[in-house]
Undergrad: 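Here it is, the structure in full.
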Protein chains: 2
Amino acid sequence: MSVQGTAGDLHGVVENRLRQADQRYTAGRRAIISLLVSAGHPVSIGDIADRLPGVPRSSAYRHLTDLEAAGIVRRVTANDEFTRFELAEDLTGHHHHLLCLSCGKVIDVTLPAAVEHDVTAAIGQLAGAESFQAHSHRLDILGLCADCR
Amino acid sequence: MSVQGTAGDLHGVVENRLRQADQRYTAGRRAIISLLVSAGHPVSIGDIADRLPGVPRSSAYRHLTDLEAAGIVRRVTANDEFTRFELAEDLTGHHHHLLCLSCGKVIDVTLPAAVEHDVTAAIGQLAGAESFQAHSHRLDILGLCADCR
DNA sequence: TTTGCATTGAGACCCAGTCTCAGACTATGT
DNA sequence: ACATAGTCTGAGACTGGGTCTCAATGCAAA
């Protein structure tokens, strides 16, 4: 289901999606995508400011908003932390998060396929009962990471 | 597992928990708890300001922070919306949320017990593999409510 | 009633995130 | 090569949710 392969493939996919949204794959956007890929976990605006000092804050927000609208990145909101961003699920595969309540660290994890399947089926039923149109779901596990426990 | 019963029981439980945290169950806090109980769904600061005009914003935040620290209320963060608050799970029972991406509405739902059990077991395994100490989990279903779809 | 401590209201303050606008860049037509 | 139109970018002002401070008040125990 997910689009995986070399980094070159991924940049091509990103470029195509931006094209479909009438947008260009410029240096600033490429820098942010490369950062998200190399990080391998959700990244905050602060991380981006640290690692990409040449990209101003307003541009970073704009890029991320545009990339989100084009279905390339996704927002991750921890409990009361600031927003983080990661590559969209269809570029990386469906997964969930371990969120450390102490340091804010985010670790990606994947449920066993059978459990994920049951959850998805249950969500379909619950949503149907409320006439709710479900687009996606997120399962976040809150606790303390190995460093903070 | 959940502490349920009459409203009187609940206020007693709240009072005891505050006592254990060396805090009093004062009029402002009681007003907020009553609002959370009567609302029956997560409530935003804006809702509190509307329904409890006598409670200033700074006091409302302080009360909610204190109540959260005492394990009486819980924060619910929608995708990029502002924070909402609800009674802690052990006062209302474990449940999950349908979050409307358009209007921000939150609907409480409960997974079938068998699915919930499998999810909890899977979380235990995933957390263990990462040396992560899991305290709780949240499953949010994102989409459009009946009014917005 | 006094003393000590928790609680409260009012408002200044902070800062993540948004908005605006002028200038730079890029693609395409001539 | 030049012009033109439209997109993209940087800089900074602005917004508003959330926090912090501090003086005043309320409550409990002696």
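We name chains A, B, ... by the order of the sequence lines, and we start the count at 1 in each one. Note: hydrogens, waters and symmetry copies are ignored here, and every other heavy atom, side chains too, is used.
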Undergrad: For A:Tyr61 and for B:Gln23, locate the closest nucleotide of DNA chain C by heavy-atom distance; then report the residue assigned to the nucleotide nearer the 5' terminus.
TA: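 First, find each residue's nearest nucleotide; the 5'-ward one identifies B:Gln23.
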Undergrad: Atom CD of A:Gln20 and atom P of D:dT7: how far apart are they, to the nearest Å?
TA: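 So the two atoms are 17 Å apart, to the nearest Å.
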Undergrad: Can you tell me the distance, in whole Å, between the CZ atom of B:Arg19 and the P atom of C:dT7?
TA: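 Rounding to the nearest Å, CZ of B:Arg19 and P of C:dT7 are 11 Å apart.
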Undergrad: Excluding sequence neighbours, so at least two apart, what forms ring-ring contact (aromatic ring centres under 6.0 Å, His included) with A:His137?
TA: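 ring-ring contact (aromatic ring centres under 6.0 Å, His included) check on A:His137 returns A:His94, A:His96.
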Undergrad: Pull out every protein N or O sitting under 3.5 Å from an N or O of nucleotides 11-16 of chain D, one pair per line with the distance.
TA:
from: D:dA11; atom 1: N7; to: A:Ser58; atom 2: OG; distance (Å): 3.2
from: D:dA11; atom 1: N6; to: A:Ser58; atom 2: OG; distance (Å): 3.2
from: D:dG12; atom 1: O6; to: A:Ser58; atom 2: OG; distance (Å): 3.4

Undergrad: What side-chain donor-acceptor pairs closer than 3.5 Å can you find for residues 25-36 of chain A, not counting sequence neighbours?
TA:
from: A:Tyr25; atom 1: OH; to: A:His11; atom 2: ND1; distance (Å): 2.6
from: A:Arg29; atom 1: NH1; to: A:Arg24; atom 2: O; distance (Å): 2.9
from: A:Arg29; atom 1: NH2; to: A:Asp66; atom 2: OD2; distance (Å): 3.1
from: A:Ser34; atom 1: OG; to: A:Arg30; atom 2: O; distance (Å): 3.0

Undergrad: Which residues pass the side-chain hydrogen bond (donor to acceptor under 3.5 Å, both in side chains) test with B:Asn16, sequence neighbours left out?
TA: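 B:Asn16: no side-chain hydrogen bond (donor to acceptor under 3.5 Å, both in side chains) contacts found.
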Undergrad: What are the two closest heavy atoms between A:Val43 and A:Ala39, and how far apart are they?
TA: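 In terms of heavy atoms, the two residues are closest at CG2-CB, 3.5 Å.
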Undergrad: Rounding to a whole Å, what distance do you find between A:Asp50:CG and C:dA16:P?
TA: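 Atom-to-atom, A:Asp50 to C:dA16, this comes out as 12 Å.
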Undergrad: Would you mind reading off the distance between B:Arg30 atom CZ and C:dT8 atom C1', rounded to a whole angstrom?
TA: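 Roughly 17 Å, once rounded to whole Å.
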Undergrad: Counting N and O atoms only, with roles assigned by atom type, does the side chain of A:Ser59 sit under 3.5 Å from a partner on the main chain of A:Val55, one being a donor and the other an acceptor?
TA: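 Checking the backbone N and O of A:Val55 against the side chain of A:Ser59, no donor-acceptor pair under 3.5 Å is found.
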Undergrad: CZ of A:Arg29 versus C1' of D:dT7: gap in Å, rounded?
TA: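 A:Arg29 atom CZ is separated from D:dT7 atom C1' by 8 Å.
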Undergrad: For D:dG18, does either OP1 or OP2 sit under 4.0 Å from a side-chain N or O belonging to B:Thr83?
TA: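 B:Thr83 to D:dG18 OP1/OP2: side-chain N or O found under 4.0 Å.
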Undergrad: Can you check whether B:His63 has a side-chain N or O nearer than 4.0 Å to OP1 or OP2 of C:dT7?
TA: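 Answer no for this pair, as no side-chain N or O of B:His63 is under 4.0 Å from OP1 or OP2.
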Undergrad: Does a side-chain heavy-atom distance below 4.5 Å link B:Phe132 with B:Leu126?
TA: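 SC-SC contact between B:Phe132 and B:Leu126 ruled out.
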Undergrad: By ring-ring contact (aromatic ring centres under 6.0 Å, His included), which residues pair with B:His117, not counting sequence neighbours?
TA: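 With sequence neighbours excluded, B:His117 shows a ring-ring contact (aromatic ring centres under 6.0 Å, His included) to no residue whatsoever.
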Undergrad: Taking atom P of C:dG17 as reference, at what distance in whole Å does atom CZ of A:Arg84 sit?
TA: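 About 11 Å, once rounded to whole Å.
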Undergrad: How about B:His95 and B:Glu86: does a side-chain donor come under 3.5 Å of a side-chain acceptor?
TA: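 There is such a pair between these side chains.
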Undergrad: Below 4.5 Å, heavy atoms only, C-beta onward: do B:Ile45 and B:Phe85 meet side chain to side chain?
TA: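 In contact.
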Undergrad: Determine, for nucleotides 25-30 of chain D in 5'-to-3' order, which nucleotides have protein heavy atoms under 4.0 Å from the base (write B), from only the sugar-phosphate (write S), or from neither (write -).
TA: -BS---
Undergrad: Roughly, in whole Å, what's the span from CG in A:Leu64 to P in C:dA16?
TA: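 Those two atoms, CG and P, are 15 Å apart.
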Undergrad: Quick one: A:Asp66 CG to C:dG17 C1', roughly how many Å, whole number?
TA: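 Taking atom C1' of C:dG17 as the reference, CG of A:Asp66 is at 15 Å.
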